[in-house]
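Right, one structure below, let's go through it.
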Amino acid sequence: MYMKKLMIYFLILLCAVLGSCKKFLTEYSQDEMRPSTTSDLTALMYSDAYPYTGRLDNLDLLTDDVQSNGLANANGTPVASYVTPFNNGIAMFTFNPNMFDAGSIIPTGANLYEICYSKIKGCNVVLDQLANVSGTEQAKNFIKGQCLFLRSYYLFKLVTTYSLPYSGNGVNPETAMGVPLILSSQIRDGGLPRPTLKQTYDQIEKDLLEAADLLKNNGVVTTPYRITAPAANAFLSRFYLLKGRNEDLDQVIRYAELVLADRSTLTPLTTFFTSTNAISGTGIFDPGNVEVLWVHGGNSRLDVTYFAPLTTGTLPPYSASQALTSLYEQGPNSSNYGDLRYQMYFTKNGSSPYASAKSSANSVGGSTGFRVSEVYLNRAEALIRRFILTGNDADRIKALADLNYLRSNRYDTRNTAYTPVSITNSQALLTFYQQERRREMALESNSRWQDIRRWGIPVTHNFTGADGVSTVYTLPANSSLYALPIPFNALNNNPDLSQNPK
């Protein structure tokens with residue numbers, strides 16, 4: 001009953017998420033509607049600030065990791081379960097600059113703008129109430145650390161979706177548009193303009209650094225469903241890497257090493273295979289997996305927004321691309337599968353991979369977040385880029401050690417020893433790293449889309465329509481569409497919100 005009354009208050013506050021609100025609700029019972037203890041706030045944080053099953057990584061259709069297969073027919077009629085996912089994906093897969101305009105299909109869960117600002121509002125409500133509740137300073141600081149982490153997480157999702165890459169070609173962070181910074185739950189009139197890209201990144205960095213310190217000093221979490229200090233350091237490593245500046249390479253390495261000082265173990269994928277070659281467990285994001293730092297997002301196999309479940313033995317409208325799956329080295333037989341990620345990371349139609357299987361069919365644990373493997377990749381990239389800049393061979397050697405440790409836990413070593421990779425040429429090493437990152441992070445956390453943006457990679461899609469006719473669509477390198485269009489409903493509700501150039 002208490003939470004029901006409390007939610008009345010917070011649902012009213014959510015009206016400020018997408019735009020203007022008039023002053024109202026001048027009288028209400030604060031005793032009934034406001035939390036009074038840190039326990040109350042914690043419960044509210046879990047429900048309104050944490051993402052839980054919300055999908056925040058639905059941008060794979062923009063990348064070269066996904067291909068179009070057309071709309072399969074059964075006896076001359078389109079497969080019913082394929083029609084909606086097919087239509088959902090058309091605008092994004094064909095790089096339509098009007099993909100989020102009025103009249104366009106914006107699938108449920110695809111409006112990242114609305115989803116993230118709703119959660120940011122939940123974070124702000126909790127932060128604004130901290131001074132008004134009873135409880136220890138340690139408990140309050142722990143709540144604050146989690147909410148600052150989550151707010152920065154959502155803001156980073158937003159700015160890396162609706163703004164140009166920070167270090168992109170021709171991008172000036174001092175003048176390029178960031179995303180609105182909503183840092184309070186207070187109801188306000190009028191709209192919210194977009195700050196600069198630099199101002200947005202500066203706020204994310206500020207929140208995240210404070211969160212990492214608070215989490216380190218005020219709480220211990222025993223479940224990967226909750227934010228921890230290692231997760232915050234992993235996020236800082238990702239933040240500085242995707243920011244893309246050479247001057248931040250040391251920071252990428254620093255925060256990666258803080259994580260690895262606590263959590264350095266990777267799980268051999270061989271441990272997921274039974275004696276009959278069946279895959280056991282609940283996927284790489286199994287909450288019991290030692291390399292999972294934080295997990296959320298529900299089961300990706302149950303999200304049919306774009307990737308329809310197989311129903312007829314024919315591929316669904318969109319699937320993992322051959323360009324992606326061909327990067328995995330396959331062994332000669334079932335005694336040596338080679339790169340086990342090909343077997344484990346994808347749902348298959350016969351022998352053809354088509355969708356993510358980083359959560360298995362029986363998993364309820366989630367399919368995105370932070371893993372130790374990404375931390376190794378982040379450090380390896382920073383070391384390689386520093387090696388290119390300075391020629392310090394110690395960086396090359398250490399980067400190779402990171403990559404080989406990762407690969408040794410991903411290859412089939414049940415009967416065949418892993419052969420380490422040795423590369424001396426700096427550019428060849430960078431290319432190999434980029435492919436390894438793509439293999440490990442496939443269809444996870446919008447990783448490939450972020451890499452396409454920051455590396456300026458063009459993408460070509462061959463789209464097959466419902467009539468079977470194929471058309472080629474190309475997203476050029478450094479495209480203005482690296483900043484996706486702001487959804488029309490957000491523009492309608494916020495008179496000071498500027499649309500991205502199309």
Side-chain angles (χ1 to χ4, degrees), residues 65 224 230 234 259-260 262-295 299-301 320 324-380 399-423 432-433 435-445 447:
D65 280 356
V259 177
L260 298 175
D262 285 333
R263 302 280 298 275
S264 61
T265 302
L266 293 179
T267 303
L269 294 192
T270 53
T271 62
F272 288 91
F273 284 74
T274 70
S275 59
T276 59
N277 286 330
I279 301 175
S280 63
T282 54
I284 194 66
F285 266 106
D286 185 330
N289 183 358
V290 69
E291 69 178 73
V292 176
L293 299 171
W294 180 48
V295 59
N299 189 340
S300 60
R301 292 193 182 202
L324 168 63
T325 58
S326 65
L327 292 175
Y328 296 90
E329 180 184 358
Q330 297 188 57
N333 51 53
S334 60
S335 295
N336 177 13
Y337 279 130
D339 192 335
L340 289 174
R341 290 173 293 196
Y342 183 85
Q343 301 295 327
M344 185 173 167
Y345 284 5
F346 300 97
T347 302
K348 295 184 177 64
N349 169 29
S351 61
S352 300
Y354 73 92
S356 175
K358 289 184 173 177
S359 289
S360 73
N362 61 336
S363 172
V364 295
S367 56
T368 192
F370 291 92
R371 295 188 288 128
V372 174
S373 57
E374 181 191 349
V375 177
Y376 277 109
L377 287 167
N378 293 349
R379 182 170 72 171
L400 275 171
D402 284 347
L403 293 175
N404 278 313
Y405 177 59
L406 170 61
R407 287 167 59 82
S408 69
N409 284 281
R410 298 302 183 244
Y411 270 67
D412 193 345
T413 57
R414 294 173 298 172
N415 301 297
T416 306
Y418 169 72
T419 302
V421 172
S422 180
I423 303 172
F432 179 81
Y433 160 80
Q435 293 174 341
E436 189 64 26
R437 182 177 182 86
R438 191 175 177 187
R439 284 186 283 262
E440 178 63 23
M441 300 297 293
L443 305 180
E444 179 184 333
S445 299
S447 177

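Scope of the values below: all heavy atoms of this structure, side chains included, with no hydrogens, waters or symmetry mates.
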I'd like to know if the side chain of N404 and the backbone of L400 have a donor-acceptor N/O pair within less than 3.5 Å.
yes
Output all residues satisfying side chain to side chain donor-acceptor pair (under 3.5 Å) with Q330, sequence neighbours left out; order by chain, then residue number.
none
Once side-chain contact (heavy atoms from CB on, under 4.5 Å) is applied, do any residues pair with A355, and if so which ones, sequence neighbours excluded?
F307, T347
Side-chain touch V292/D286, heavy atoms, less than 4.5 angstrom:
no
CD of E291 to OG1 of T265: how many Å apart, nearest 0.5 Å?
9.5 Å
Please name all residues satisfying ring pair (Phe, Tyr, Trp, His ring centres under 6.0 Å) with Y418, sequence neighbours left out, ordered by chain then number.
Y411
Taking ring pair (Phe, Tyr, Trp, His ring centres under 6.0 Å) as the definition, give me every residue that meets it alongside Y433, ordered by chain and number, with sequence neighbours left out.
none
Just by distance, do the side chain of N409 and the backbone of Y405 share a donor-acceptor pair under 3.5 Å?
yes
V375 versus L293: any side-chain heavy-atom pair under 4.5 Å?
yes
Identify the two heavy atoms, one from P224 and one from P287, that lie closest to each other, and give their separation to 0.1 Å.
CG-O, 3.3 Å
When rounded to the nearest 0.5 angstrom, what distance separates OG in S447 from CG in D65?
8.5 Å
Sequence neighbours excluded, which residues qualify as side-chain contact (heavy atoms from CB on, under 4.5 Å) partners of T271?
T267, P268
With distance as the sole test, does R437 use its side chain to make a donor-acceptor pair with the main-chain N or O of L377 at under 3.5 Å?
no
With heavy-atom distances below 4.5 Å as the criterion, would you say the side chains of L443 and K358 are in contact?
no
By side chain to side chain donor-acceptor pair (under 3.5 Å), D262 pairs with (sequence neighbours left out) none
Looking at every heavy atom in both A380 and A399, which two are closest together, and how far apart are they?
O-CB, 3.7 Å
Nearest-0.5 Å distance that lies between atom CD in E440 and atom OH in Y345:
3.5 Å
If you define the side chain from C-beta out and look only at heavy atoms, does anything of V259 sit under 4.5 Å from F370?
no
State the OG-CG distance between S408 and L269, to the nearest 0.5 angstrom.
10.5 Å
Tell me, please, which residues at least two apart from D402 pass side chain to side chain donor-acceptor pair (under 3.5 Å).
R379
Return the minimal non-hydrogen interatomic distance between K348 and P353, and the atom names on each side.
CG-CA, 3.9 Å
Point-to-point distance, once rounded to the nearest 0.5 Å, from OH of Y337 to CE of M344
13.5 Å
Under the side-chain contact (heavy atoms from CB on, under 4.5 Å) rule, collect the residues that match up with T274, sequence neighbours excluded.
T276, A278, S280
Under the salt bridge (charged side-chain N to carboxylate O under 4.0 Å, His left out) rule, what pairs show up with a residue in residues 411-423, not counting sequence neighbours?
D412-R414
Taking side-chain contact (heavy atoms from CB on, under 4.5 Å) as the definition, give me every residue that meets it alongside N415, ordered by chain and number, with sequence neighbours left out.
S335
Report the distance from atom OG1 of T413 to atom CZ of R410, rounding to the nearest 0.5 Å.
11.5 Å
Kindly state each residue pair satisfying salt bridge (charged side-chain N to carboxylate O under 4.0 Å, His left out) with at least one member in residues 325-340, sequence neighbours excluded.
D339-R341
Where the side chain of R407 meets the backbone of P420, is there a donor-acceptor pair that is under 3.5 Å apart?
no
Could you check whether any side-chain heavy atom of L406 comes within less than 4.5 Å of a side-chain heavy atom of R439, counting everything from C-beta outward?
no
Any carboxylate oxygen within less than 4.0 angstrom of a Lys/Arg side-chain nitrogen, looking at E374 and R371?
no
Once side chain to side chain donor-acceptor pair (under 3.5 Å) is applied, do any residues pair with Y376, and if so which ones, sequence neighbours excluded?
none
Quiz question: by atom type and distance under 3.5 Å, do the side chains of Y328 and Q343 form a donor-acceptor pair?
no
